[in-house]
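Below is one structure, written out as structure tokens; the observations come after it.
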Amino acid sequence: MPKYKSKNKKSKKQAEKQTPTLSLKEQLAQKRKAAQARKEFISLLTTAGFGSVFAGILLFFVGGIKVAVPAVLGIFVISFSYKYPRQALYAFIIYVPIGGTVTYYLGNSPILQLAKDAFYVPALIGLWQTCRKQGLPIIIPQGIKTPLYIVLGCSLLTLLFVNGGQQFNPPSVGLLETAEKEIPLGMGILGLKVFLGYVPLIGCAYYLIRDKRDFLLLSRLQIVLILICCVLGFIQYLLLLTGICHGTRGLEGNALFVTSLEARCYFGGALLYSPEEGVIRLPGTFVAPWQWAWFLISSTFFTFATGFTDPSIIWRLVGLGSLVTVFINAVISGQRIALALVPTCFAILLLLTGQIGNLKRFIPIGIGLALVLGIAMVTNPDVVQQRTESFTGRWEASPPQDFIVQQFAENWKNVDGPLGSGLGRATNSARVMGSTKLVETYYPKVLFEVGIFGVLAFLGLVTSLTIIGFKTYRSIKNRNFRSYGAALWVFILFISYNTYYYPLDVDPVAVYYWFFAGVLFKLPELEKQEQEEANPQQKNKKKRLKTI
């Protein structure tokens with residue numbers, strides 16, 4: 001017992017030595033800094049408050065409450081996002097999975113479809129200005145700079161010559177026909193924003209994470225968001241199953257097989273629920289069911305990474321619990337692609353990350369996951385049978401590989417020229433500017449918009465990103481960082497060359513792909529920081545962002 005006390009005293013003394021005490025001058029400086037921060041916050045709150053209320057009153061008389069409320073919120077969000085880019089980026093990540101639900105609760109205004117960019121764009125501008133002052137690059141890693149500039153150059157040529165030509169020299173119409181009202185340049189700008197607008201998220205994520213604590217906060221926040229959304233998705237299914245929400249039951253004809261916004265059930269947007277016809281398409285917390293499917297697919301990677309690599313056993317269990325909810329929602333959502341790819345991605349992750357060889361962790365996790373899913377399948381055999389039959393029936397009717405080849409062939413024949421048919425011409429969100437074509441696979445869609453040169457340039461960009469990501473995670477020695485980085489790299493690899501549907505065009509994959517690439521590129525620096533803390537003599541002299 002005396003020895004224990006002496007050791008305890010010794011450890012306390014060491015802790016006191018490691019925690020430096022601030023001098024009076026430093027304490028006063030901190031107080032002045034805090035007072036200045038409060039003053040700036042109050043000033044911004046007052047200015048944004050008056051400005052937003054004034055704009056809201058004017059817009060209320062012009063467009064009513066549905067226009068005024070988003071405008072007031074928008075001015076507030078943009079002002080604070082520019083001033084506090086760090087907090088804005090966290091709000092951006094939180095908003096992405098719940099944006100569909102928020103949009104319909106606030107009246108389904110078209111402005112709300114772009115609400116997440118009110119966090120992202122001002123934060124990006126503020127971050128770019130900070131990087132410029134401190135002499136730090138905004139494009140991370142430097143290896144993608146040349147491919148990115150080539151893609152941007154090809155896109156600008158398409159915008160200038162193809163969209164510009166359509167704007168100032170529109171095609172002639174027949175004698176009795178009326179020209180369709182279009183804004184091709186506006187369509188091109190929207191198309192460019194969708195195509196490359198979220199690439200800077202790589203740098204945003206890289207500078208957002210300052211140390212291991214920030215990394216764990218971000219990874220755990222993502223797991224909590226996934227868990228919340230999956231629980232809400234399960235509740236949505238139960239509300240439909242018990243009849244509290246009717247869905248599309250009782251309708252007639254084609255309405256039984258088409259998603260409907262009128263059938264919305266508390267969360268998310270349009271859904272299809274006609275169990276008597278064997279068709280279910282749930283949107284979860286998103287606007288559309290297929291966005292929910294890709295959220296579940298992408299969540300497989302993040303829940304796997306945290307479930308196997310988090311240093312806290314509690315958070316590993318939370319991560320694995322989230323993974324189970326992802327599996328369950330993949331079955332009940334009615335989305336065939338989620339049902340196919342969630343278990344497939346899980347198996348690929350086990351092989352490519354090497355976790356299948358980590359028997360101490362894999363065997364208990366594998367048995368637990370199999371047990372939970374087995375119980376769910378035994379208690380709901382009809383649901384599993386319906387989903388399996390739907391998947392196999394769809395595959396037999398239209399094999400994905402044949403569908404992709406057909407899409408390539410069709411758009412190769414119909415594209416206007418080597419520079420494409422115009423940015424935005426196959427982008428759903430740009431339809432407000434003119435007529436758009438529905439292309440249901442990603443690279444044929446890119447081919448149609450920016451032509452063969454644009455497709456090859458974009459393939460060069462994602463290939464560079466994939467190769468650099470591979471080298472990055474392989475350079476990491478820390479086992480947990482390396483395993484997490486491997487999971488993120490597999491996600492990047494999978495999305496880079498996936499052409500089935502167009503997840504890189506819309507939420508959430510359009511955000512997660514670029515953002516978590518930045519997280520991957522930050523991991524080697526976090527490992528160096530840990531080494532510095534263990535060996536203070538080996539200081540890393542690399543400049544780091546100080547103010548975000």
Side-chain angles (χ1 to χ4, degrees), residues 97-98 100-101 220 222-245 247 265-268 271-273 275 278-286 288-308 315-350 362 364-392 394 487 491 508-509 512:
I98 63 172
T101 301
R220 292 167 180 176
Q222 184 66 17
I223 295 304
V224 171
L225 290 172
I226 292 169
L227 184 59
I228 291 171
C229 290
C230 286
V231 169
L232 292 177
F234 185 69
I235 292 172
Q236 185 180 70
Y237 175 74
L238 290 179
L239 292 173
L240 288 161
L241 184 66
T242 56
I244 296 174
C245 293
C265 182
Y266 291 102
F267 317 114
L271 62 79
L272 168 63
Y273 187 79
V279 285
I280 297 174
R281 301 289 182 271
L282 303 186
T285 57
F286 284 81
W290 77 271
Q291 288 179 304
W292 177 240
W294 279 100
F295 173 77
L296 296 173
I297 294 165
S298 60
S299 296
T300 308
F301 296 88
F302 308 134
T303 53
F304 180 95
T306 297
F308 278 92
W315 280 103
R316 286 204 299 272
L317 292 173
V318 173
L320 294 171
S322 300
L323 181 60
V324 171
T325 63
V326 169
F327 269 84
I328 293 172
N329 276 273
V331 176
I332 66 175
S333 69
Q335 291 294 308
R336 290 180 289 259
I337 194 167
L339 181 63
L341 289 183
V342 166
T344 301
C345 291
F346 179 73
I348 292 171
L349 282 165
L350 285 174
F362 172 68
I365 290 169
I367 293 173
L369 187 62
L371 185 63
V372 172
L373 294 177
I375 293 171
M377 291 172 68
V378 169
T379 53
N380 298 277
D382 294 337
V383 175
V384 176
Q385 184 180 357
Q386 284 179 2
R387 301 302 180 271
T388 306
E389 289 175 355
S390 176
F391 175 75
T392 55
R394 175 69 176 182
F491 174 63
V509 176
Y512 291 160

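Heavy atoms only: backbone and side chains are in, while hydrogens, waters and symmetry mates are out. Note that the coordinates shown come from a computational prediction; the quantities given were computed from them, not determined experimentally.
For the ring-ring contact (aromatic ring centres under 6.0 Å, His included) test, no residue two or more places apart in sequence or in another chain qualifies with Tyr273. Residues passing the ring-ring contact (aromatic ring centres under 6.0 Å, His included) test with Phe295, sequence neighbours excluded: Phe286, Trp292. Contacts of Leu272 classified as side-chain contact (heavy atoms from CB on, under 4.5 Å), with partners at least two apart in sequence or in another chain: Thr248, Thr259, Ser274, Val279, Arg281. Residues meeting the side chain to side chain donor-acceptor pair (under 3.5 Å) test with Gln222, sequence neighbours left out: Tyr512. Partners of Cys245 according to the disulfide bond (SG atoms under 2.5 Å apart) rule, which considers only residues two or more places apart in sequence or in another chain, are Cys265.
Side-chain contact between Trp294 and Ser298 is absent, with no heavy atoms from C-beta onward closer than 4.5 Å. Counting heavy atoms from C-beta on, the side chains of Phe302 and Thr306 never come closer than 4.5 Å. Using a 4.5 Å heavy-atom cutoff, the side chains of Ile332 and Ile280 are not in contact.
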- Check step by step if side chain to side chain contact (heavy atoms under 4.5 Å, CB included) holds for Leu350 and Phe346. CA-CA 6 Å; Leu350 285 174; Phe346 179 73; 3.6 Å; yes
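The structure places CG of Leu296 at 11.5 Å from CD1 of Ile328, a figure rounded to the nearest 0.5 Å. The structure places OH of Tyr237 at 10.5 Å from OG of Ser333, a figure rounded to the nearest 0.5 Å. Rounding to the nearest 0.5 angstrom, the gap separating the CG atom in Leu282 from the CG atom in Leu271 is 6.5 Å. Once rounded to the nearest 0.5 Å, the distance linking OG1 of Thr303 with CZ of Phe308 reads 9.5 Å.
Pairing each heavy atom of Tyr266 with each of Thr101, the nearest pair is O-CG2, 4.3 Å. The minimum heavy-atom distance linking Gln335 with Trp290 is given by the pair OE1-CA, 3.7 Å. When every heavy atom of Leu349 is checked against every heavy atom of Ala487, the shortest pair comes out as CD2-CA, 3.8 Å. Across all non-hydrogen atoms, the minimal contact from Ile337 to Ala293 is CG2-CB, 3.8 Å.
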Can I get a per-line list of side-chain donor-acceptor pairs under 3.5 Å for residues 223-236, giving both atom names and the distance, sequence neighbours left out?
unit_1: Gln236; atom_1: OE1; unit_2: Gly284; atom_2: N; d: 3.2
unit_1: Gln236; atom_1: NE2; unit_2: Phe267; atom_2: O; d: 2.9
unit_1: Gln236; atom_1: NE2; unit_2: Gly284; atom_2: O; d: 3.3

Under 3.5 Å, which donor-acceptor pairs link side chains of residues 317-327 to any protein atom two or more places apart or in another chain?
unit_1: Ser322; atom_1: OG; unit_2: Val318; atom_2: O; d: 3.0
unit_1: Thr325; atom_1: OG1; unit_2: Ser322; atom_2: O; d: 2.6

